[in-house]
S.K.: 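My questions will all concern the structure given below.
Values below: every heavy atom of this structure, side chains too, minus hydrogens, waters and symmetry copies. The sequence lines fix the lettering, A, B, ..., with proteins before strands; numbering per chain opens at 1.
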There are 2 protein chains.
Amino acid sequence: MEEQDQKIKAVHDAMDILNGKWKISVISSICYHSSRRFSEILNDVKGISNKMLSKELKELEKNELVTRTVLDTQPITVEYKLTDYGQSLRTIIDHLSDWGMAHRKKSMYK
Amino acid sequence: MEEQDQKIKAVHDAMDILNGKWKISVISSICYHSSRRFSEILNDVKGISNKMLSKELKELEKNELVTRTVLDTQPITVEYKLTDYGQSLRTIIDHLSDWGMAHRKKSMYK
DNA sequence: CGGCATCCTTCTGGATACTG
DNA sequence: CAGTATCCAGAAGGATGCCG
């Protein structure tokens, strides 16, 4: 197999884990705050429902991108953090953020 | 609004354009070949159907990420290229590719 | 070759209500 | 607070066939 094919396949593999409408936004919410609670993420990611957030977080946890810690407060709080592995997406998130900003600027002049 | 919120929103804006299961893979197929025909992309992106590819390409064209050129051959050939704007995603694609490779390696030892 | 049209199934995801 | 459960509409997406 050629190098390009490998790369295209690798991109697809990456997107397989980062699938869904919200996954990347959820990750960025956590990563820009180092630690984040359920309700905070719900607020960060505009438009997401609790059901979807719950589902996305579970998948991220299964793929070892985030950790979930229940704090014994009253009422309970749950803290989500990125694993080191999840942190390795930081560069990509930053680039996407920059690109998104640039795009917004571009769209304004249309 | 705070800086983090801006960034999270920017990421979401970016993902709004790059939505769908296939968009990023399609872009990577084109960008790793500088120019690519319909049937070639169909082969590059494993699992995509012609219907989906057609739809994704249209959306990418509408968002000015790719250009579509019909060549007057017999039978006709259609060439897709990234615009400069589309090229600006190259860094992200490369990072995603690297990340995907690393992930595959990681998964192997589970 | 590069699609579009049609049919049909599966998945996505929103709204609302409820629980420990 | 941090979810789960249920219901349901609409979108995504696969298979197949047709066309210039």
S.K.: Nearest whole Å is fine: how far is D:dA12 P from B:Glu56 CD?
M.R.: 9 Å
S.K.: Atom NZ of B:Lys23 and atom P of D:dA12: how far apart are they, to the nearest Å?
M.R.: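 Roughly 9 Å, once rounded to whole Å.
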S.K.: Quick one: is A:Lys51 getting a side-chain N or O under 4.0 Å of the C:dC18 phosphate, OP1 or OP2?
M.R.: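 Checking C:dC18 against A:Lys51, no side-chain N or O comes under 4.0 Å of OP1 or OP2.
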S.K.: State plainly whether the residues B:Asp94 and B:Arg90 are in salt-bridge range, i.e. N to O under 4.0 Å.
M.R.: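 Counted as a salt bridge, because a side-chain N and a carboxylate O are separated by less than 4.0 Å.
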S.K.: Calculate the interatomic distance between B:Glu61 atom CD and C:dG2 atom P; express it in whole Å.
M.R.: 15 Å
S.K.: Mind checking whether A:Phe38 and A:Tyr80 have parallel, tilted or perpendicular rings, split at 30° and 60°?
M.R.: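 Aromatic pair A:Phe38/A:Tyr80 classed tilted.
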S.K.: If you assign B:Arg37 and A:Ile48 each to the DNA chain C nucleotide with the nearest heavy atom, which residue ends up on the more 5' nucleotide?
M.R.: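 Counting from the 5' end, the first nearest nucleotide belongs to B:Arg37.
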S.K.: B:Lys46 NZ to D:dG14 C1': how many Å, rounded?
M.R.: 18 Å
S.K.: What's the CE-C1' distance between A:Met52 and D:dC8, to the nearest Å?
M.R.: 13 Å
S.K.: To the nearest Å, how far apart are A:Leu71 CG and D:dA2 P?
M.R.: 9 Å
S.K.: Please report the distance, rounded to the nearest Å, between CD1 in A:Ile76 and P in D:dC1.
M.R.: 11 Å
S.K.: With a 4.0 Å limit, can you tell me whether B:Ser54 has a side-chain N or O closer than that to the phosphate oxygens OP1/OP2 of C:dC4?
M.R.: yes
S.K.: Between B:Lys23 and B:Glu59 (salt bridge meaning N to carboxylate O under 4.0 Å), is one present in this structure?
M.R.: yes
S.K.: Does D:dG3 have OP1 or OP2 sitting under 4.0 Å from an N or O in the side chain of A:Arg68?
M.R.: yes
S.K.: Check the distance between C:dC18's P and A:Asn50's CG and give it to me in whole angstrom.
M.R.: 15 Å
S.K.: At under 4.0 Å, does any side-chain N or O of B:Tyr80 touch on OP1 or OP2 of C:dC1?
M.R.: no
S.K.: With B:Leu82 as reference, evaluate B:Leu89, B:Thr67, B:Val66 under the side chain to side chain contact (heavy atoms under 4.5 Å, CB included) test and give the passing residue.
M.R.: B:Val66
S.K.: Say whether, by atom type as modelled, one donor and one acceptor occur between the side chain of B:Thr83 and the main chain of B:Glu64 under 3.5 angstrom.
M.R.: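 Such a contact is found between B:Thr83 side chain and B:Glu64 backbone.
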S.K.: Establish, with yes or no, whether the OP1 or OP2 oxygen of D:dG13 is under 4.0 angstrom from a side-chain nitrogen or oxygen of B:Ser49.
M.R.: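 Negative; the distance criterion is not met.
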S.K.: Is the distance from OP1 or OP2 of C:dG14 to the nearest side-chain N or O of A:Lys21 less than 4.0 Å?
M.R.: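 Yes, within the criterion.
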S.K.: Any side-chain N or O of B:Thr77 under 4.0 Å from OP1/OP2 of C:dG2?
M.R.: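 Looking at the OP1 and OP2 atoms of C:dG2, neither is under 4.0 Å from any side-chain N or O of B:Thr77.
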S.K.: Any side-chain N or O of B:Ser39 below 4.0 angstrom from OP1/OP2 of C:dG2?
M.R.: yes
S.K.: If only side-chain N and O atoms of B:Lys55 are considered, is one of them under 4.0 Å from the OP1 or OP2 phosphate oxygen of C:dC4?
M.R.: no
